[in-house]
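Reckoned from all heavy atoms, side chains included, excluding hydrogens, waters and symmetry mates. Counting starts at 1 for both ligands and their atoms, following the listed order.
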Amino acid sequence: TDLRRAIARNEFRTYYQPIVSISDGRICGFEVLVRWQHPERGILLPGEFSHVAVEMGAIIQIDRWVAEEACRQLRAWQNAYRHTPPLNVSVNISGTQFMQPDLVTRIDHILRSTGLYGRSLTIEVTESVLMENAQYAAEMLDQLRALDIGISIDDFGTGYSSLAYLRRFKIDTLKIDYSFVSRMLADEESSEIVRTITTLAGNLGKQTVAEGVETRSQFEALQKFNVDRVQGIFISPPVPPEEAEALLESTSSTDNHLKKILDDRMHPETN
Ligand code: C2E
Ligand code: MG
Ligand code: MG
């Protein structure tokens with residue numbers, strides 16, 4: 001009942017988490033993450049409501065709204081903040097949404113109505129979603145790629161990993177799962193897994209994003225492994241649009257965005 005009301009009353013919010021290039025510290029774009037602004041319980045994370053949303057089928061409506069809102073927001077930021085290449089937005093697509101026959105038409109419509117180029121949009125799907133219906137998934141990814149949209153495999157290494165699909169599916173990016181990143185300094189195996197994923201991606205001409213980067217030591221270890229991009233609370237937690245925009249504003253006069261973000265955090269009084 002709560003969730004139905006939430007949809008009717010537009011209680012969902014989009015939060016944005018920056019994704020930064022590890023080599024030059026530039027903000028490449030954002031991942032959009034949904035939040036529910038519950039009238040009594042405050043901000044709820046997807047983990048607290050997405051299973052109900054999936055069961056109800058409401059996840060489709062939520063995902064559509066998030067995608068449209070994120071594309072509109074990114075187009076506005078691209079206009080206000082010139083980045084080369086232009087800022088990109090990553091949108092999570094649930095299994096249910098991915099299996100909708102009109103997915104590509106809808107995304108195409110969103111791109112046209114918001115004026116965002118396909119190459120500025122990245123779709124995040126998990127391995128299991130692709131593997132559950134591999135033939136269909138391959139066709140979907142072909143169609144998305146025809147619109148120039150990027151494809152990223154979320155939580156890479158935790159699902160049903162058949163290495164053959166890396167060749168079969170048109171994938172641009174592997175997102176190294178938080179579980180490996182969080183353990184990589186404490187445990188040699190996790191560290192080797194991160195190194196292996198990065199090497200594999202490099203050899204196949206794919207990009208890597210490490211998610212859940214929380215500390216400088218993790219960041220430096222990922223730098224040594226030549227991971228391409230990083231995302232995590234070491235840089236910034238997911239933040240509401242006003243805060244993401246403030247981040248773009250404060251970094252607009254410098255090339256090394258990450259350095260500026262970290263400097264500002266160390267000397268907040270000079271802001
Ligand atoms: P995900 O796509 O793997 O997103 C990354 C999750 O890691 C996010 O959790 C993010 O807040 C969290 N995170 C970011 N930095 C750090 C860090 O440094 N340390 C740790 N421990 N965690 C960090 P969140 O926002 O709770 O989202 C959870 C999952 O819910 C997402 O995992 C994604 O699968 C799903 N999700 C989020 N938004 C949407 C949406 O709009 N549609 C769909 N279908 N799924 C969504
Ligand atoms: Mg994701
Ligand atoms: Mg993930």
Side-chain angles (χ1 to χ4, degrees), residues 3 6-7 11-20 29-37 42-71 73-74 88-100 103 106-107 110 121-130 150-159 171-185 190 194 197 208-219 222 229-241 243-244 258 261 265:
L3 204 54
I7 292 169
E11 289 172 1
F12 294 100
R13 301 286 177 267
T14 48
Y15 273 43
Y16 296 85
Q17 186 172 37
I19 302 177
V20 168
F30 295 89
E31 176 174 7
V32 62
L33 294 156
V34 71
R35 299 291 180 260
W36 176 2
Q37 175 75 62
I43 293 281
L44 301 183
L45 299 172
E48 296 170 272
F49 62 86
S50 60
H51 55 288
V52 187
V54 168
E55 271 169 39
M56 280 173 57
I59 191 74
I60 296 179
Q61 262 171 291
I62 298 171
D63 278 2
R64 277 179 196 159
W65 176 80
V66 169
E68 181 151 12
E69 180 60 24
C71 289
Q73 181 60 264
L74 257 287
N88 186 283
V89 65
S90 294
V91 175
N92 293 285
I93 297 285
S94 67
T96 335
Q97 173 83 330
F98 190 75
M99 297 307 288
Q100 295 295 302
L103 174 73
R106 283 195 176 265
I107 291 182
I110 292 176
L121 174 64
T122 300
I123 296 293
E124 293 195 5
V125 280
T126 59
E127 294 159 279
S128 44
V129 166
L130 297 184
I151 312 291
S152 185
I153 302 302
D154 211 346
D155 310 339
F156 184 77
T158 61
I171 295 161
D172 310 277
T173 307
L174 306 182
K175 282 195 96 163
I176 305 169
D177 191 61
Y178 163 74
S179 59
F180 304 122
V181 175
S182 68
R183 287 199 291 259
M184 67 182 288
L185 295 176
S190 297
V194 173
I197 295 174
T208 43
V209 177
E211 58 181 16
V213 182
E214 294 180 344
T215 65
R216 178 175 291 279
S217 333
Q218 286 171 352
F219 178 84
L222 293 162
R229 298 194 290 276
V230 285
Q231 179 184 354
I233 56 175
F234 171 61
I235 299 147
S236 164
V239 292
E243 279 180 52
L258 179 60
I261 294 169
R265 196 177 305 151

For ligand 1, which part of [X] has a heavy atom less than 4.0 Å away: the side chain, the backbone, both, or neither?
| X | result |
| --- | --- |
| Q231 | neither |
| Y15 | neither |
| I62 | neither |
| Q97 | neither |
| D63 | side chain |
| D155 | side chain |
| S94 | both |
| L33 | both |

Ranking R35, E31, Q218, R64 by closest non-hydrogen atom to atom 24 (P) of ligand 1, top hit is R35
Out of I233, D177, N92, who gets a non-hydrogen atom closest to atom 46 (C) of ligand 1?
N92
Side-chain contact test, heavy atoms from C-beta onward, threshold under 4.5 Å: evaluate it for [X] versus [Y] and give yes or no.
| X | Y | answer |
| --- | --- | --- |
| T158 | S179 | yes |
| V213 | Q231 | no |
| I153 | L130 | yes |
| L185 | Q218 | yes |
| P238 | R35 | yes |
| Q73 | F30 | no |
| Q100 | R106 | no |

I'd like to check [atom] in this structure: does the protein have a heavy atom lying under 4.0 Å from it?
| atom | value |
| --- | --- |
| atom 6 (C) of ligand 1 | no |
| atom 12 (C) of ligand 1 | no |
| atom 21 (N) of ligand 1 | yes |
| atom 32 (O) of ligand 1 | no |

Looking only at protein heavy atoms, which one is nearest to [atom], and how far off is it?
| atom | answer |
| --- | --- |
| atom 38 (N) of ligand 1 | V34 N, 3.1 Å |
| atom 1 (P) of ligand 1 | D154 OD2, 3.7 Å |
| atom 19 (N) of ligand 1 | E214 OE2, 2.6 Å |
| atom 30 (O) of ligand 1 | P46 CB, 3.4 Å |
| atom 15 (N) of ligand 1 | Q17 NE2, 2.9 Å |
| atom 23 (C) of ligand 1 | G212 CA, 4.4 Å |

When rounded to the nearest 0.5 angstrom, what distance separates [atom1] in [X] from [atom2] in [Y]?
| X | Y | atom1 | atom2 | answer |
| --- | --- | --- | --- | --- |
| R229 | S152 | CZ | OG | 7.5 Å |
| L74 | L121 | CG | CG | 8.5 Å |
| T208 | F156 | OG1 | CZ | 11.0 Å |

With heavy-atom distances below 4.0 Å as the criterion, list the atoms of ligand 1 near V66.
41 (O)
Considering the heavy atoms of G232, write down every atom of ligand 1 situated less than 4.0 Å from one of them.
15 (N), 18 (O)
Is the side chain of R216 donor-acceptor paired with the backbone N or O of F234 at a distance under 3.5 Å, no angle test?
no
Taking E48 for the side chain and L45 for the main chain, is one N or O donor matched with an acceptor at less than 3.5 Å?
yes
Only counting residues at least two apart or in another chain, list the ones meeting ring-ring contact (aromatic ring centres under 6.0 Å, His included) with F12.
W36, F49
With a 4.0 Å cut-off on heavy atoms, is P238 touching ligand 1?
yes
Within residues 50-59 or reaching into it, pairs that qualify as side-chain hydrogen bond (donor to acceptor under 3.5 Å, both in side chains) - sequence neighbours excluded:
none
Angular separation of E31 OE2 and N92 OD1 about the Mg ion (ligand 2), given to 10°
90°
Under 3.5 Å donor-acceptor pairs involving side-chain atoms of residues 89-98, not counting sequence neighbours:
from : atom 1 : to  : atom 2 : distance (Å)
N92  : ND2    : E31 : OE2    : 2.7
N92  : ND2    : V32 : O      : 3.4
S94  : OG     : D63 : OD2    : 3.1
S94  : OG     : Q97 : N      : 3.1

Sum of protein N, O or S atoms, each under 2.8 Å from the Mg ion (ligand 3):
4
Strictly by modelled atom types, are T126 and D155 linked by a side-chain donor-acceptor pair under 3.5 Å?
no
Please lay out, stage by stage, how E214 and Y178 fare under the test side chain to side chain contact (heavy atoms under 4.5 Å, CB included).
CA-CA 10 Å; E214 294 180 344; Y178 163 74; 3.6 Å; yes
Closest heavy-atom pair and its distance - A244, V239:
N-CG2, 3.6 Å
